[in-house]
Enquirer: 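I'd like to ask some things about the structure below.
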Amino acid sequence: MEKIRVVEVGPRDGFQNICDFIPTEVKLEAIHKLTAAGVRDIMVTSFVSPKAIAQMRDAREVAETCVKRWPHVRCSALVPNLRGALNAMEAGLRELTVVISVSASHNQANIHQTHAQSYENLERILKECPQAAVTVDLATTFGCPFEGYIRLDQVRDMVRTLYGMGIRSFDLCDTIGAAHPGQVKEYVEAMLREFPEADFGVHIHDTRNMGMVNTLTAIQCGITTVQAAAGGLGGCPFAPGASGNTSSEDMIYMLNAMGYDTGIQFDKMLEAALYIHAHVNGNYSGHQINVKQ
C-alpha cells in the first residue's frame with residue numbers, strides 16, 4: 001500500500017478563524033483525540049501576535065504541552081516572522097511553516113508584506129533558526145480573490161526563488177478553493193518534474209465542493225503529503241462564507257477505503273471531529289459529522 005502522510009491542520013488553520021476564545025484544555029483534548037486516532041503530523045498552533053489573532057494567545061502553552069505529552073507526534077506551527085520562529089523554537093518545536101502568497105496582492109493583504117519583504121523575513125528565520133525544518137506554504141497557488149487565476153509560471157518562479165534560498169519543502173495551497181482537477185494535475189506534475197529534489201504537499205480548501213477530488217488528483221499525480229482539518233473546519237477571511245478546509249475524516253475514509261496507508265483509524269478520527277464540532281462553533285464542511293448529528 002502507498003503511504004500517505006496526512007497533516008492535520010485543524011488546531012491551527014481551523015481554530016484561527018474562531019472569534020470566541022477556545023479554552024486551552026479543549027484545544028489539547030482535541031489534539032489528544034487526534035493522536036489517539038493515529039495522526040502523527042499536526043500543526044498545533046500559530047505563533048502570531050495576540051493582537052492580530054487573539055485565538056492563538058496560548059500558542060506557547062499548547063506547543064510546550066504537545067511536545068511533552070506526544071513526543072512521537074511531528075508537531076509544527078505557523079510562524080509569520082523571526083520573533084514567532086524563535087518563540088516556537090523556545091517552546092520546543094522544530095517544524096516551522098512560513099506562508100508566502102504567490103499573488104502579490106494577497107501577500108500584502110494577508111501578511112502586509114511585499115514578496116521582497118517576505119523573502120527577507122524568510123532569510124532571517126533560516127539564518128537564526130538553523131535547527132528548524134522550514135516548510136513554505138505557497139498561498140493562492142491556484143487562484144487569488146484579488147487577481148483571479150494564478151499562472152503556472154508565477155508558481156514556478158516563486159518555487160525557483162525559494163529553492164535557491166535553500167527551501168526543499170513546499171505546500172501548494174488552494175487558499176480560496178478555486179482549483180479544479182485539471183489545474184491541480186498540471187501544476188503538481190510540473191512541480192514534481194521540475195524540482196525532483198523538493199518535497200511537495202497540497203492544502204486544498206473545499207469552497208466549491210472539490211476538496212476531495214482535487215486532493216485525490218494530487219495524490220494520483222505523485223503527491224504523498226496532504227493537509228486537512230477535522231470536520232473541515234476553517235475558512236478564508238478573503239472568501240466570506242466559503243467552506244473551510246478539506247475534511248480530515250472524509251479524506252481518511254476515502255483513502256483507507258482505496259487501500260492507501262494513512263496509519264489513521266477512521267472511527268477515532270471521526271470521534272475527534274465530533275468532539276471539535278461539539279465544542280467549537282465554527283464553519284464546517286465535513287460530511288461525516290453531519291451524518292452523525
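Since this is a predicted model, take the numbers as computed values, not measurements.
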Enquirer: Hey, are the side chains of Q55 and K27 touching, using non-hydrogen atoms and a 4.5 Å cut-off?
Expert: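 A side-chain contact under 4.5 Å exists here.
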Enquirer: In this structure, is the centre-to-centre distance between the rings of H279 and H277 below 6.0 Å?
Expert: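 Not close enough - the centres of the two rings lie 6.0 Å or further apart.
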Enquirer: Checking side chain to side chain donor-acceptor pair (under 3.5 Å) between H203 and each of T215, D174, N245, T175, which is the one that passes?
Expert: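 When T215, D174, N245, T175 are each tested with H203, the side chain to side chain donor-acceptor pair (under 3.5 Å) holds only for N245.
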Enquirer: Counting only N and O atoms by type, is there a donor-acceptor contact under 3.5 Å from the side chain of R94 to the main-chain atoms of M89?
Expert: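 Flag set: sc R94 to bb M89 pair under 3.5 Å.
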Enquirer: Please confirm whether the backbone N or O of V226 pairs with a side-chain atom of R5, one donor and one acceptor, at under 3.5 Å?
Expert: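 Side chain of R5 to backbone of V226, a donor-acceptor pair under 3.5 Å: no, none is there.
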Enquirer: Sequence neighbours excluded, which residues qualify as side chain to side chain contact (heavy atoms under 4.5 Å, CB included) partners of T97?
Expert: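 Partners of T97 under the side chain to side chain contact (heavy atoms under 4.5 Å, CB included) test: M43, T135, D137.
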Enquirer: Hey, are the side chains of E8 and Q227 touching, using non-hydrogen atoms and a 4.5 Å cut-off?
Expert: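 The answer is no; the side chains never approach within 4.5 Å.
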Enquirer: In this structure, which one of D171, V99, L162 forms a side-chain contact (heavy atoms from CB on, under 4.5 Å) with V136?
Expert: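 It is L162, the one option of D171, V99, L162 that forms the side-chain contact (heavy atoms from CB on, under 4.5 Å) with V136.
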Enquirer: Side chains of R69 and H32: closer than 4.5 Å at any heavy-atom pair?
Expert: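 Counting from C-beta outward, R69 and H32 never come under 4.5 Å.
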Enquirer: Going by heavy atoms in the side chains, are I150 and S103 under 4.5 Å from each other?
Expert: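 Answer yes - side chains close enough.
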Enquirer: Does any part of the side chain of V134, heavy atoms only, come nearer than 4.5 Å to the side chain of E95, both counted from C-beta?
Expert: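 No, every pair of side-chain atoms sits at 4.5 Å or beyond.
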Enquirer: Is it possible for you to say whether I22 and I42 belong to one hydrophobic cluster, with membership spreading through side-chain heavy-atom contacts below 4.5 Å?
Expert: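 Same hydrophobic cluster.
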Enquirer: Does R83 have any salt bridge (Lys or Arg N to Asp or Glu O under 4.0 Å) partners at least two apart in sequence or in another chain, and if so, which?
Expert: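 Listed in chain order: nothing, the list is empty.
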Enquirer: Starting at OH of Y163, measure out to CZ of F195 and round the result to the nearest 0.5 Å.
Expert: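 Here the rounded value is 8.0 Å.
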Enquirer: Check whether any side-chain heavy atom of L233 lies under 4.5 Å from a side-chain heavy atom of I18, and answer yes or no.
Expert: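 Touching, per the 4.5 Å side-chain cut-off.
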Enquirer: Determine whether the side chains of T225 and D199 contain a donor N or O and an acceptor N or O closer than 3.5 Å.
Expert: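 Checked: T225/D199 side chains show no N/O donor-acceptor pair below 3.5 Å.
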Enquirer: Are V39 and V6 side-chain neighbours, meaning at least one heavy-atom pair lies under 4.5 Å?
Expert: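 Answer no - side chains too far apart.
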